Amino acid sequence: DTSLAEFVPKLSGRAHAGMASIASNTLRLVQPHLDKTEGPIVCVGHSLGGGVAQLLALFLTNARPDREVTCVAYEPPGAVVDPTTAEAMDAFCLSSVLADDLVPRAGVPQLFQLRDACVDGLCKSKVPKWRVLASLAARFPIGENLLYSVEDAAFPEAQSLSEACSKLLTDEAREDLRAPQVLCLPGKIVHFVRDKQRKRDVSAFAAPRDHFNHIVVSSTIMADHFPWRVERAISDAMYWGQIYPWRAEPKVVRASEDI
């Protein structure tokens, strides 16, 4: 991460260094064209482009205070700006997150949590590796009770091994990653969730930022990031929201229409 003041002296807080650098370069490219136009400015992007669009909008609110600047980001990365800056961007930034999409949840702390969970599972597994992998790959898990529980005699040893492995990985990590800067999704967030049985049945919720502090491992963790799936989900949410208006908050239905 890097200080936002490196790009805009008036700004405090921190941001993802790569995305902030791209947004700053983009700002220099679009400034001459903005001199020839009037009216509101809308920044739009998907995935990494969504994160860049959010930071570009932040820079434009300072570079062009006379213009109305808004941003719509589809499935942006989960590590864009610090929490204080993220909250300040609620005024002009709107983000969409589909179901269990990995990208809006991925940050250094979240990846460390996933790593520790994987190590814990390996240490506490009481079946061969092939069976664990087969259970993950199968449409319906082929086995239960894959891990030692607290009732099992071998659990204390497995727990000690898990804690020792996690400590070793933490000690060997780069010093700057042992206590990483917490970066998160900026702006207001609309979470689109599909019904497990009726796939075309989508609900939209206004979600708090901390709802995406953990990675959700599911069969759609990658597919939920594809832009055509996001577009389909937003269209379905608008359809069902109009038919069953009580199933979504009016402000969220309006946000869905804006997206």
Side-chain angles (χ1 to χ4, degrees), residues 44-54 72-80 94-122 125 129-144 146-147 183-244 247-249 252-253 255-259:
V44 181
H46 171 263
S47 191
L48 176 62
V52 172
Q54 291 170 330
V72 178
Y74 302 90
E75 315 303 301
V80 180
L94 183 65
S95 300
S96 76
V97 177
L98 174 58
D100 300 332
D101 187 357
L102 167 67
V103 175
R105 294 175 168 85
V108 174
Q110 291 87 342
L111 292 175
F112 279 3
Q113 290 173 7
L114 179 61
R115 179 203 65 187
D116 292 342
C118 290
V119 169
D120 186 65
L122 288 171
S125 175
K129 183 171 62 176
W130 68 266
R131 188 175 175 188
V132 176
L133 295 175
S135 179
L136 292 173
R139 183 175 179 84
F140 301 100
I142 62 174
E144 296 181 354
L146 301 178
L147 305 179
L183 301 178
C184 58
L185 278 170
K188 297 179 180 178
I189 305 169
V190 180
H191 190 201
F192 295 92
V193 182
R194 289 192 179 278
D195 186 275
K196 293 183 178 180
Q197 302 299 326
R198 295 172 294 184
K199 299 300 183 182
R200 294 298 300 274
D201 193 345
V202 180
S203 300
F205 303 92
R209 247 176 293 280
D210 58 9
H211 184 72
F212 306 98
N213 283 350
H214 304 280
I215 294 174
V216 179
V217 179
S218 74
S219 60
T220 61
I221 187 173
M222 299 301 294
D224 285 336
H225 190 67
F226 297 153
W228 55 88
R229 289 179 65 103
V230 176
E231 189 276 333
R232 170 74 64 85
I234 293 173
S235 298
D236 290 345
M238 291 174 58
Y239 174 76
W240 289 108
Q242 292 168 357
I243 294 181
Y244 303 111
R247 291 180 44 188
E249 302 175 47
V252 177
V253 173
S256 302
E257 294 171 350
D258 291 341
I259 288 180

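Predicted model only: the values in this text are computed from it and were never measured.
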K.L.:
Can you pull the salt bridge (charged side-chain N to carboxylate O under 4.0 Å, His left out) pairs that have at least one residue in residues 213-226, sequence neighbours excluded?
P.N.:
D224-R229
K.L.:
Do N213 and Q113 pass the side-chain contact (heavy atoms from CB on, under 4.5 Å) test, and can you show the C-alpha distance, the side-chain angles, and the key distance before you say yes or no?
P.N.:
CA-CA 10 Å; N213 283 350; Q113 290 173 7; over 6 Å; no
K.L.:
Would one find more than 12 heavy atoms of other residues, nucleotides or ligands at under 6.0 Å from atom CZ of R232?
P.N.:
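At most 12 heavy atoms, drawn from other residues, nucleotides or ligands, come within 6.0 Å of this atom.
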K.L.:
Do E75 and P104 touch side chain to side chain, with heavy atoms closer than 4.5 Å?
P.N.:
yes
K.L.:
Rounded to the nearest 0.5 Å, what separates atom CG in D101 from atom NE2 in H191?
P.N.:
8.5 Å
K.L.:
Of the non-hydrogen atoms in P76 and G51, which two are nearest, and what is the gap between them?
P.N.:
CB-N, 4.1 Å
K.L.:
Could you report the tightest heavy-atom contact between R105 and V97, atom names first, then the distance?
P.N.:
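For R105 and V97, the tightest heavy-atom pair comes out as NH1-CG1, 4.1 Å.
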K.L.:
Please report the closest heavy-atom contact between G121 and L147, naming both atoms and the distance.
P.N.:
O-CD2, 3.4 Å
K.L.:
Side chains of L111 and I215: closer than 4.5 Å at any heavy-atom pair?
P.N.:
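Yes, close enough: below the 4.5 Å cut-off.
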K.L.:
Quick check: do Y74 and P227 have side-chain heavy atoms less than 4.5 Å from each other?
P.N.:
no
K.L.:
Write down the atom of A73, the atom of G50, and the distance for their closest heavy-atom approach.
P.N.:
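Here A73 and G50 meet closest at CB-O, 3.7 Å.
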K.L.:
Would you call the rings of H225 and H46 parallel, tilted or perpendicular, taking 30° and 60° as the class edges?
P.N.:
tilted
K.L.:
Give me the one residue out of V190, V230, T220, V202 that meets side chain to side chain contact (heavy atoms under 4.5 Å, CB included) with L98.
P.N.:
V230
K.L.:
Can you name the nearest heavy-atom pair linking A53 to G45, along with the distance?
P.N.:
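It is CB-N, 4.0 Å.
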K.L.:
Closest approach of M222 and L102, non-hydrogen atoms and distance?
P.N.:
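Where M222 meets L102 most closely, the heavy atoms are SD-CD2, 3.9 Å.
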K.L.:
Supply the atom-to-atom distance R209 CZ to K188 NZ, rounded to the nearest 0.5 angstrom.
P.N.:
10.5 Å
